[in-house]
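Throughout, a chain's letter reflects where its sequence line sits, starting with A, and its residues are numbered from 1. Please read all numbers here as calculations on a predicted model, not as lab measurements.
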2 protein chains.
Amino acid sequence: MNTQTIALHLREHNLKVTPQRLKIVESLNTYGHLNIDMLYAEVQKSYPSVSLATVYKNIALMTEKQLLEEVKIPESKSVFEVKKAPHHHLHCRRCGKIEDVVIDCSGICRIAEEKSGYLVERTETVFSGLCPDCRSGS
Amino acid sequence: MNTQTIALHLREHNLKVTPQRLKIVESLNTYGHLNIDMLYAEVQKSYPSVSLATVYKNIALMTEKQLLEEVKIPESKSVFEVKKAPHHHLHCRRCGKIEDVVIDCSGICRIAEEKSGYLVERTETVFSGLCPDCRSGS
DNA sequence: CATCAAACGATAATTATTTTCCTTAAATAA
DNA sequence: TTATTTAAGGAAAATAATTATCGTTTGATG
Ligand SMILES: [Mn+2]
Ligand SMILES: [Mn+2]
Ligand SMILES: [Zn+2]
Ligand SMILES: [Zn+2]
């Protein structure tokens with residue numbers, strides 16, 4: 001996703017296109033999943049005078065507008081990502097890496113509905129363990 | 001789980017059996033999943049002079065000792081529960097109810113491993129939607 | 001009951017997040 | 001291009017959440 005596309009998305013949501021916002025979204029495009037502190041550090045690289053409040057305000061705003069999404073990971077800080085098609089997450093307990101994985105969960109989802117009587121609209125799964133690198137002791 | 005059993009569990013982990021701790025665990029037994037504020041309010045009912053710090057300290061301690069477990073729910077505060085066999089959660093976006101559901105996830109778990117090369121040790125799923133009550137407009 | 005360490009409550013300190021308010025800059029139209 | 005409008009930025013204050021400190025109390029043990 002390039003700058004033009006990001007700008008377009010911001011405008012679609014009636015958000016002004018500012019360099020700080022572009023940088024936030026670009027950082028997320030580059031790294032996938034970042035927490036507040038990492039995001040602040042990234043933006044600071046390009047805009048040393050950026051305020052932490054600006055990062056907070058923009059993340060909150062863009063998350064509200066469904067441009068970004070918060071992912072809650074067991075035993076660690078929430079990370080944010082650019083919203084995309086529904087998917088699930090892998091989390092390495094050793095190096096902290098977070099990766100996407102697309103899996104069809106309709107099966108267990110249907111079972112959950114049958115067992116509980118709930119109407120399930122959304123399923124979020126986090127698989128925790130060891131990534132390939134950390135598995136092989138490297 | 002009765003008071004004696006809870007006391008036993010506390011002692012097993014070298015934790016002194018205090019009325020505040022008993023009340024915390026009893027509250028979780030009664031309500032299943034509670035966040036910090038609800039837990040503090042519950043303990044206050046029996047011990048009006050309890051300190052919020054005591055609740056925080058005990059939750060942290062008992063979670064470390066694996067007596068309790070934190071559950072992170074999308075778009076809402078973390079809740080705590082007494083640790084039990086692995087299971088998943090249902091969350092009603094309307095009334096906030098949180099329920100357990102036992103589902104075999106070994107299938108999608110294996111698929112996640114194959115797709116990613118990760119070694120998956122733990123799978124946490126939160127199904128969000130509407131509980132039976134909220135479904136039927138009540 | 002006496003002893004001792006752990007836990008408690010009160011409160012201070014720290015960390016995280018949100019709000020305020022004035023200045024700056026993006027969007028839009030002249 | 002420039003002027004106007006308004007949202008967004010930065011700095012700092014305010015608030016919320018969590019953790020640490022410390023003197024006192026209490027549970028465990030003998
Ligand atoms: Mn993702
Ligand atoms: Mn549960
Ligand atoms: Zn790893
Ligand atoms: Zn409900």
Could you state the [atom1]-[atom2] distance from [X] to [N], rounded to the nearest angstrom?
X: Leu10(B); N: dA7(C); atom1: CG; atom2: P; result: 10 Å
X: Asn58(A); N: dA26(C); atom1: CG; atom2: P; result: 13 Å
X: Lys57(B); N: dT18(D); atom1: NZ; atom2: C1'; result: 12 Å
X: Leu15(B); N: dA6(C); atom1: CG; atom2: C1'; result: 10 Å
X: Arg21(A); N: dA26(C); atom1: CZ; atom2: P; result: 11 Å
X: Leu61(B); N: dA20(D); atom1: CG; atom2: P; result: 12 Å
X: Leu8(B); N: dG27(D); atom1: CG; atom2: C1'; result: 16 Å
X: Leu52(A); N: dA16(C); atom1: CG; atom2: C1'; result: 9 Å

>> Would a single hydrophobic cluster contain both Met38(A) and Leu28(A), if residues Ile, Leu, Val, Met, Phe, Trp and Tyr are joined by side-chain heavy-atom contacts under 4.5 Å?
In response: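 Leu28(A) clusters together with Met38(A).
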>> Are Ile98(A) and Tyr118(B) linked, directly or through intermediate hydrophobic residues, by side-chain heavy-atom contacts shorter than 4.5 Å (ILVMFWY only)?
In response: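 Tyr118(B) does not cluster with Ile98(A).
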> Under 3.5 Å, is there a donor-acceptor pair linking the side chains of Asp100(A) and His88(A)?
Replying inline: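 No, because no side-chain N or O of Asp100(A) sits under 3.5 Å from a partner of the opposite role on His88(A).
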>> For a quick check under 3.5 Å, do His91(B) and Glu124(A) share a side-chain donor-acceptor pair by atom type?
In response: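 No, Glu124(A) and His91(B) have no side-chain donor paired with an acceptor closer than 3.5 Å.
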>> Within residues 22-50 of chain B, which residues have any heavy atom lying less than 4.0 Å from an atom of DNA chain C?
In response: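 Close to the strand are Ser49(B), Val50(B).
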>> Please give me every residue in residues 67-83 of chain B whose heavy atoms get under 4.0 Å of an atom in DNA chain C, ordered by residue number.
In response: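 Per residue number, the list is empty: none.
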> With sugar-phosphate meaning primed atoms plus P, OP1 and OP2, does Ala60(A) contact a base, only sugar-phosphate, or nothing at under 4.0 Å between heavy atoms?
Replying inline: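 Nothing, no heavy atom under 4.0 Å.
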Any side-chain to backbone donor/acceptor pair from [X] onto [Y]? Under 3.5 Å, distance only.
X: Arg93(A); Y: Leu130(A); result: no
X: Lys72(B); Y: Ile73(A); result: yes
X: Ser136(B); Y: Asp133(B); result: yes

> Choosing from dA7(C), dA20(D), dG9(D), which nucleotide comes nearest the side chain of Ala53(B)?
Replying inline: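 Side chain of Ala53(B) sits closest to dA20(D).
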>> Side chain of Val17(B) only, heavy atoms from C-beta on: which candidate in dA11(D), dA28(D), dA26(C) is closest?
In response: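 For the Val17(B) side chain, the nearest candidate turns out to be dA28(D).
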Can you tell me if [X] touches the phosphate of [N], counting only side-chain N or O atoms and a distance under 4.0 Å to OP1 or OP2?
X: Asn14(A); N: dA27(C); value: no
X: Arg11(A); N: dA27(C); value: yes
X: Tyr56(B); N: dT18(D); value: yes
X: Gln20(B); N: dG9(C); value: yes
X: Thr54(A); N: dG10(D); value: yes
X: Thr18(A); N: dG9(D); value: yes

>> Tell me whether the count of non-hydrogen atoms from other residues, nucleotides or ligands lying under 6.0 Å of OH in Tyr31(A) goes above 12.
In response: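 12 or below, so no.
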>> Working note: Lys45(A) + Glu42(A), criterion salt bridge (charged side-chain N to carboxylate O under 4.0 Å, His left out); need CA distance, chi angles, decisive distance, verdict.
In response: CA-CA 5 Å; Lys45(A) 285 186 195 167; Glu42(A) 273 310 303; 2.8 Å; yes
>> Just verifying a value: how many Å separate Leu15(A) CG and Glu64(A) CD, rounded to the nearest 0.5 Å?
In response: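 Reported to 0.5 Å precision, the distance equals 9.5 Å.
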>> With a 3.5 Å cut-off and heavy atoms only, can you find an N or O donor on one side and an acceptor on the other between the side chain of Lys16(A) and the base of dG9(D)?
In response: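 Side chain to base: no pair present.
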